Amino acid sequence: MRRGIKPQDRINLNKNGRFYFDWAASAPFLLNRLCTLKDLDRPGFFGNPSSGHSEGRAARAALEEARRVCMEALGADEGTIYFTSGATEANAIILFSMLYGHAGGVKQGLITTAAEHPSITKNRAPLEYMGIPVHCISVDGYGAAVPGALEKALRKYTDATMLALMYVNNETGAISDLSSLVKTARKRDGKALHIHSDMVQALGKIPFTLRDMDIDSAAFSAHKVGGPRGIGVLYLRKPVQVLCKGGGQEGDIRPGTENTLGACHFAEAIRFRTETQIKAHEEATANMACLIEALRGMKRCTIIPECRQAVDERYSPYILQAAFKDIPGEVMVRALDDLGFAVSTGSACSTGSKKRPVLNAIGIDDALAFTAIRISFGWTTKIDDINALVGAVHRILSQF
Ligand code: PLP
């Protein structure tokens with residue numbers, strides 16, 4: 001039973017009175033990088049990028065400069081960057097592009113995993129409803145898709161025309177071996193298969209160069225790297241048919257008046273985060289090692305999955321899933337919140353659902369999953385913050 005944690009129980013509060021450990025849901029704004037209201041007063045910035053007058057051309061120039069910055073930061077080629085309203089939309093554009101082929105009589109099929117973000121998994125039902133078969137391959141105990149399972153699935157499901165596999169899992173931090181998975185997929189039918197990856201949790205954290213990855217499309221989100229909410233990027237290197245039509249903006253891949261301001265902010269955030277990611281990764285690795293060591297020392301804590309080591313290259317050093325015996329995850333979230341710490345019980349997009357499909361997909365039973373929380377950090381997380389969190393968890397465990 002919880003014995004009432006009062007605000008005065010808070011320990012070593014930082015200067016804001018809060019410790020933020022939910023960066024995988026959304027990162028704090030990179031305020032020094034984003035433009036101020038005064039900057040918005042740039043001549044013409046308010047114009048519609050599709051207008052032919054000076055104001056429109058000024059907005060177009062700003063938008064194209066943002067695109068160029070994103071392209072360089074992602075290591076992508078010219079003509080492959082499309083701004084969207086976020087990663088959810090970028091994923092949906094790709095998944096639903098299959099409906100065109102299907103309606104035209106070309107057999108379509110999707111291969112994916114049950115450990116993807118809801119913006120992929122929840123679209124399985126509408127795709128199936130519309131007649132497109134979805135085949136889920138299993139992930140291994142580490143939490144990532146494995147080439148063996150993919151190879152088998154590709155052999156069995158000859159109708160598969162698309163593969164959707166995430167790079168870094170948003171709940172466990174598991175990093176998939178995308179390069180081996182892509183090689184396996186290409187062995188079957190060369191370039192014909194469309195390979196899509198949700199790379200949201202890799203951006204600015206795990207270095208990559210898109211042009212070397214041989215994938216056809218990828219989804220990114222600004223608010224995970226300190227940019228604004230409601231803007232994302234779809235990387236797309238080969239043409240697809242999209243469902244939503246409009247004024248033809250963004251090469252008709254994502255029509256609608258462009259979010260110039262969001263794109264400019266995203267570009268600044270992406271540039272800064274990718275430039276500083278190596279150093280940040282080292283610091284995050286050291287912090288994660290300390291956190292895992294400390295949690296392993298607590299009898300009632302289970303690291304998920306248990307095979308995860310203190311320093312383990314198979315996982316993002318920014319995301320950890322851990323369960324605390326006899327304390328439901330939601331209760332732990334509230335108890336930590338009372339003490340000044342923000343953590344979560346998994347994807348923010350699944351809040352309210354008691355189910356933890358991603359954990360089930362890696363073989364975690366419902367009872368353990370029910371007591372699991374996600375701790376995620378970012379570039380301002382310091383070792384003192386980790387120590388404070390460990391102290392808070394100790395305190396809560398002693399009270400339940
Ligand atoms: N994919 C992953 C892996 C995520 O973590 C998120 C955010 O929670 C999304 C997609 C959705 O991104 P957005 O909020 O930009 O739609």
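Positions are given from 1, in the same order as the sequence printed here. All figures in this text were calculated on a predicted structure; none of them were measured in a lab. Read the numbers this way: they start at 1 and go in the same order the structure lists the ligands and their atoms.
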Show your working on side chain to side chain contact (heavy atoms under 4.5 Å, CB included) between Asp326 and Phe400 and close with a plain yes or no. CA-CA 8 Å; Asp326 298 332; Phe400 280 84; over 6 Å; no

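In terms of polar-atom proximity, His117 is counted as a contact of ligand 1, with an N or O under 3.5 Å from an N or O of the ligand. Ligand 1 has no nitrogen or oxygen under 3.5 angstrom from a nitrogen or oxygen of Val200. In terms of N/O distances under 3.5 Å, ligand 1 is not approached by Asn170. Between Ser85 and ligand 1, a contact under 3.5 Å exists for no N or O pair. In terms of N/O distances under 3.5 Å, ligand 1 is not approached by Ser119.
Atoms of ligand 1 found under 4.0 Å from any heavy atom of Gly86, numbered from 1 in the order shown, are 15 (O).
Of the charged side-chain nitrogens involved, none lies within less than 4.0 Å of a carboxylate oxygen, so that Asp214 and Lys187 do not count as a salt-bridged pair. Between Asp384 and Lys382 there is no salt bridge, since none of the side-chain N atoms of the basic residue sits less than 4.0 Å from a carboxylate O of the acidic one. Ion pair Glu64/Arg68 not flagged as a salt bridge, since none of the NZ, NE, NH1 or NH2 atoms sits closer than 4.0 Å to an Asp/Glu carboxylate oxygen. Note on Arg356 versus Asp366: no salt bridge recorded, every NZ/NE/NH1/NH2 to OD/OE distance being 4.0 Å or above. Between Lys183 and Glu151, no side-chain nitrogen of the basic residue sits less than 4.0 Å from a carboxylate oxygen of the acidic one, so the salt-bridge criterion is not met.
Counting heavy atoms closer than 4.0 Å to ligand 1, residue Thr88 contributes atoms from both its backbone and its side chain. Heavy atoms of Lys224 found under 4.0 angstrom from ligand 1 belong exclusively to the side chain. Heavy atoms of Glu89 found under 4.0 angstrom from ligand 1: none, in either backbone or side chain.
For the pair His223 and ligand 1, a heavy-atom separation below 4.0 Å is found.
Counting heavy atoms from C-beta outward, Tyr82 and Val233 have side chains that stay 4.5 Å or more apart.
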